[in-house]
Novice: 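Mind having a look at this structure? Questions to follow.
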Amino acid sequence: MQGIISISSSSEHLNRVIHGLFSNYSPPVWATLVAGVFVVVSLTLSMYLLFEHLSAYKNPEEQKFLIGVILMVPCYAVESFVSLVHPAVSVHIGILRDCYESFAMYCFGRYLVACLGGEERAILFMEREGRAASKMPLLEHGSEKGVVKHLFPMNYFLKPWKLGQWVYQVIKFGIVQYMIIKALTAISAVILEAFDVYCEGDFKWNCGYPYVAVVLNFSQSWALYCLVQFYAITKNELAHIKPLYKFLTFKSIVFLTWWQGVAIALLCSLGLFRSPIAEALQFKSSIQDFIICMEMGVASAVHLYVFPAKPYELMGERYTGAVAVLGDYVSADLPVDPEEVRDSERPTKLRLPQPDIDTKSGMTIRESVKDVFIGGGEYHS
């Protein structure tokens, strides 16, 4: 009994010592100034880009999700700076940052779907690619066009996916599951921190941090893998938005910052992180926060070129998804026909034949929706 009391008192003493270290600690002045400069840069450039999109808010279906992605940089910067200045709240700040990261990943996926014309059009595109591949001769390797082949090492666990609605649902759930697991692990981290058993950055069997890190690693890796597969499927269809640069930028913020934190914690635990910055900042979380502040300053500048508002500024009136009758005149600088002006102001209606109606030629229309190609490079149903 006396041993239990002595262990309990020593544990309370250790907690008071750690709390005192956090309360009395303040980062070096040079670290605060450097991080503050990068935070101001990231806030200035991100707010500029945000107001550019709001002033040219002509395609809400795309831009509302794009704004969610853009706001990830200032959120990361502010939260990391607050955590750097006040290490005692680093766990709670990190949880908020991780939660917004999962929301930003969801926004990025929905932005790409919106660029395809919406969820229904994305599913129709995958189904069309799958049917086209099955009808092509084997000599033309058509069977590979409509099939998703997995990368190493996933090809040892998963069979190839044939494009269709099922593949879209798998990719969608792969992104959404990260939001759910991120929220659950965030709640778990708060509970474990309340009982002083979370131990952020410590890889010990009696701490909650390594178990949470493993779960989040698998969840995040699967979500990013689904995004990579979605890019591979739609890169030609999304060529007009230059998706490769957007994928690389977003993945570098989400994936690299996470693994960067895990790597710093692991190196510090092994005693291999002996840089002057690490010795000056003392805490593992402070090192991560300081680096993120600088990285977000660079990321905000990259966002100006990767997610520009210029394409939306060049659009005419607010985009509603209707057929643009005047599209050809805009590019050709020809006089506008008054008759077509009046036609363009009417709502577009398209009568589609029913699947069970046979034509005189004896053919049956198998699909209830046909894609109509309109000049200007867009598909409209």
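All values below were derived from every heavy atom in this structure, side-chain atoms included, with hydrogens, water molecules and symmetry-related copies excluded.
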Novice: Could you list the residues that satisfy ring pair (Phe, Tyr, Trp, His ring centres under 6.0 Å) with Tyr305, not counting sequence neighbours?
Specialist: none
Novice: Is the backbone of Phe307 close enough, under 3.5 Å, to the side chain of His53 for a donor and an acceptor to pair up by distance?
Specialist: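 Yes: the side chain of His53 pairs with the backbone of Phe307.
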Novice: More than 12 non-hydrogen atoms from neighbouring residues, nucleotides or ligands closer than 6.0 Å to CD on Glu61, yes or no?
Specialist: no
Novice: Heavy atoms, side chains only, cut-off 4.5 Å: are Gln220 and Tyr225 in contact?
Specialist: no
Novice: Within the supplied structure, the quantity of interest is the number of heavy atoms (other residues, nucleotides, ligands) at a distance under 6.0 Å from His150 NE2; does it exceed 12?
Specialist: yes
Novice: Could you list the donor-acceptor pairs under 3.5 angstrom formed between side-chain atoms of residues 102-119 and any protein atom two or more places apart in sequence or on another chain?
Specialist:
unit_1, atom_1, unit_2, atom_2, d
Ser102, OG, Cys99, O, 2.6
Tyr106, OH, Arg110, NH1, 3.0
Glu119, OE2, Tyr168, OH, 3.1
Glu119, OE2, Lys172, NZ, 2.8

Novice: With side chain to side chain donor-acceptor pair (under 3.5 Å) as the test, pick out the partner of Tyr76 among Arg97, Glu101, Glu295.
Specialist: Glu101
Novice: Keeping the roles fixed (side chain from Gln63, backbone from Lys58), state whether a donor-acceptor pair exists under 3.5 Å.
Specialist: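 The answer is yes, because a donor-acceptor pair under 3.5 Å joins these two groups.
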Novice: Where the side chain of Ser219 meets the backbone of Val215, is there a donor-acceptor pair that is under 3.5 Å apart?
Specialist: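 The answer is no, because no donor-acceptor pair under 3.5 Å joins these two groups.
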Novice: Can you give the donor-acceptor pairs under 3.5 Å from side chains of residues 44-52 to other protein atoms, not counting sequence neighbours?
Specialist:
unit_1, atom_1, unit_2, atom_2, d
Thr44, OG1, Val40, O, 2.7
Ser46, OG, Ser42, O, 2.7

Novice: Under the criterion side-chain contact (heavy atoms from CB on, under 4.5 Å), I'd like the reasoning laid out for Ile175 against Phe230: C-alpha separation, chi angles, the key distance, then a yes or no.
Specialist: CA-CA 11 Å; Ile175 298 173; Phe230 189 78; over 6 Å; no
Novice: Just checking Gln169: does its CD atom have more than 12 heavy atoms from other residues, nucleotides or ligands closer to it than 6.0 angstrom?
Specialist: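 Yes, enclosed.
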Novice: Do any N or O atoms from the side chain of Thr249 and from the backbone of Lys246 form a donor-acceptor pair under 3.5 angstrom?
Specialist: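 Looks like no, no N/O pair under 3.5 Å.
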